[in-house]
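Presented below is the structure to which this report refers.
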Amino acid sequence: MTKDSLTLDAPATDDLQLGPRDGSNSRKVFIKTYGCQMNVYDSTRMSDALSRDGYEPTEDMEEADLVLLNTCHIREKAAEKVYSALGRLREMKKRKAADGREMMIGVTGCVAQAEGEEILRRAPAVDVVIGPQTYHRLPDALRRAKEGQRVVDTEYAIEDKFEHLPIAEKTKIRARGVTAFLTVQEGCDKFCTFCVVPYTRGSEVSRPVAQIVEEAEKLVDGGVREITLLGQNVNAWHGAGPTGEAWSLGDLLYRLAEIPGLARLRYTTSHPRDMDDRLIGAHRDLRTLMPYLHLPVQAGSDRILKAMNRRHTAAEYLALIEKIRAARPDIALSGDFIVGFPGETDQDFEDTLKLIEEVNYAQAFSFKYSTRPGTPGADLKDQVPEEVKTERLERLQALLLKQQHAFAEACVGKTVDILLEKPGRMPGQLIGRSPWLQSVNVDAKASQIGDIINVRITGTSTNSLFADLL
Ligand code: SAH
Ligand code: SF4
Ligand code: F3S
């Protein structure tokens, strides 16, 4: 998922050094977000941190005094995009300088973490490079950069960044909409052999219950109806309950479900190994917890799963799905798949298709294996040729698409609750969200945004559903 920029309405506060000194227009920051939902969340928090220094968000790069690229390193293409964007930004910076206007450029996120100093070498226009664990220090880094230093800060900070980041004011939260992300866990200790995340996000850290509850309450107070808890391994979250007892994600969900006004909870992304009984029980018991689960398996061949270091078999995954469906029969399943992992044979690939047939996914994301420097997968022999990967991906996606369409078609005629989120394309239309994360177009008034209404699904289109009010 990508998001181009953030539409926020930060009031300018001039009290800090970076604020405008002449009382004229405040400074503007443009943030381009690549990668996963956690980067979307991080961009929001960076924007809040910068608003204390007088930076207002803008969606127009041309008027920006600061451009931040919040980057993703997951596949080669994702990382390469950043360098081509930086090439274009260099030209813009030169052009603005010729007009006597200054524009600073910062690289944050996972490419920043992975490449650090290398970014300064390859991209001379960059002023600051800040990793995902140090972005609370961004305002300070910008101050130093203003004095002419080029700053790289990619250390794993010992302090808790969340303690140093402001939570947005009510009006700002309201302006962002009725759904929100909330990071509860970050980093990963799983070390799948294809993946850069343990190196870019660091080891697994869980935020404490009180901090999470406080943030969730503030969001709800600002008008948020649905919260999606985020983590690279969100179901590995662990903490302590009121009397010090060990809590897992299931316990946290029961606690958050008690917040008055919070109508819906979701969480992503989960690892099959961390799907414990308490969490499955939460799916059975909590109506607030939406019947949707993103549970990536990556492959359906035990040999490949082992080589990927996923630490479970295809049969174990299928047994888990069965258990989850027994607890919550209407749950929609979503997954991630990689084709062409080194050594993947035709038979291994057929096993993946077979697993997909058995699970029947409502939604899925699939990728060609991309060699990532520094991961164990990069050293494996038997890399799969590009054209084989292409062909496998096409077959896999055709199957997944068929399942997705069948899932959508099966919704037609059903009555469901949707959360009205935002204006639709047509006047008088709103877009709502079904419990299964589908977009639903319905005729409703703008004043109803934030309401949960009961509708009848009447039809489907490529990426959304149509519904009538009941
Ligand atoms: N923590 C999540 C995944 C985060 S990365 C999990 O364990 O499932 C999101 C997805 O990107 C992964 O699920 C995987 O399908 C894909 N991915 C990660 N590294 C990749 C690589 N090197 N090549 C291709 N796809 C990759
Ligand atoms: Fe990457 Fe595996 Fe960790 Fe997911 S569990 S973030 S795929 S290493
Ligand atoms: Fe990309 Fe980092 Fe997220 S590599 S997928 S932005 S954790």
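Atoms considered below: every heavy atom in the structure, side chains included; atoms not considered: hydrogens, waters and symmetry mates. In each ligand, atom 1 is the first atom listed, and ligand 1 is the first ligand listed.
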### Query
Which residues and atoms, counting only protein N, O or S, are under 2.8 Å from atom 2 (Fe) of ligand 3?
Cys110 SG

### Task
Could you verify whether a donor N or O on one side chain and an acceptor N or O on the other, from Tyr55 and Asp65, lie under 3.5 Å apart?
no

### Task
Carefully, step by step, assess Asp348 and Thr345 under the rule side chain to side chain donor-acceptor pair (under 3.5 Å).
CA-CA 5 Å; Asp348 292 322; Thr345 63; 3.0 Å; yes

### From CA spacing to verdict: side chain to side chain donor-acceptor pair (under 3.5 Å), His136, Asp160
CA-CA 9 Å; His136 55 297; Asp160 176 2; over 6 Å; no

### Summary
Ordered by chain then number, the protein residues lying under 4.0 Å from ligand 1 by heavy atom are Ile74, Arg75, Phe194, Gln232, Thr269, Pro296, Gln298, Arg310, Asp336, Ile338, Phe367, Lys368, Tyr369, Ser370, Arg372

## Note on the structure
Atoms listed for atom 2 (Fe) of ligand 2 (protein only, N, O or S, under 2.8 Å, no waters) are Cys192 SG

### Phe367 and Phe341 aromatic centres sub-6.0 Å
no

### Task
Using a strict cut-off of less than 4.0 Å between a Lys/Arg side-chain nitrogen and an Asp/Glu carboxylate oxygen, indicate whether Glu159 and Arg137 qualify as a salt bridge.
yes

## Note on the structure
salt bridge (charged side-chain N to carboxylate O under 4.0 Å, His left out) with Asp127: of Lys93, Arg150, Arg143, only one passes, and it is Lys93

### Query
So, for Tyr267 and His283, is the gap between ring centers shorter than 6.0 Å?
yes

### Summary
Between Lys368 and the options Glu394, Glu386, Glu387, Glu76, the salt bridge (charged side-chain N to carboxylate O under 4.0 Å, His left out) test singles out Glu386

### Task
Flag this pair as yes if the NZ/CZ of Arg278 is under 6.0 angstrom from the six-membered ring centre of Tyr254 and inside a 45 degree cone about the axis; otherwise no.
yes

### Message
So that I can tick it off, tell me whether Glu118 and Arg121 are bridged by a salt bridge, with the cut-off set at under 4.0 angstrom between side-chain N and carboxylate O.
### Response
yes

### Message
Check Lys306 with Asp302, please: is the shortest side-chain N to carboxylate O separation under 4.0 Å?
### Response
no

### Query
On the ring face of Tyr34, is Lys32 found with NZ or CZ under 6.0 Å from the centre and within 45° of the axis?
yes

### Task
Please list all pairs passing the ring-ring contact (aromatic ring centres under 6.0 Å, His included) test where one or both residues lie in residues 380-405, with sequence neighbours left out.
none

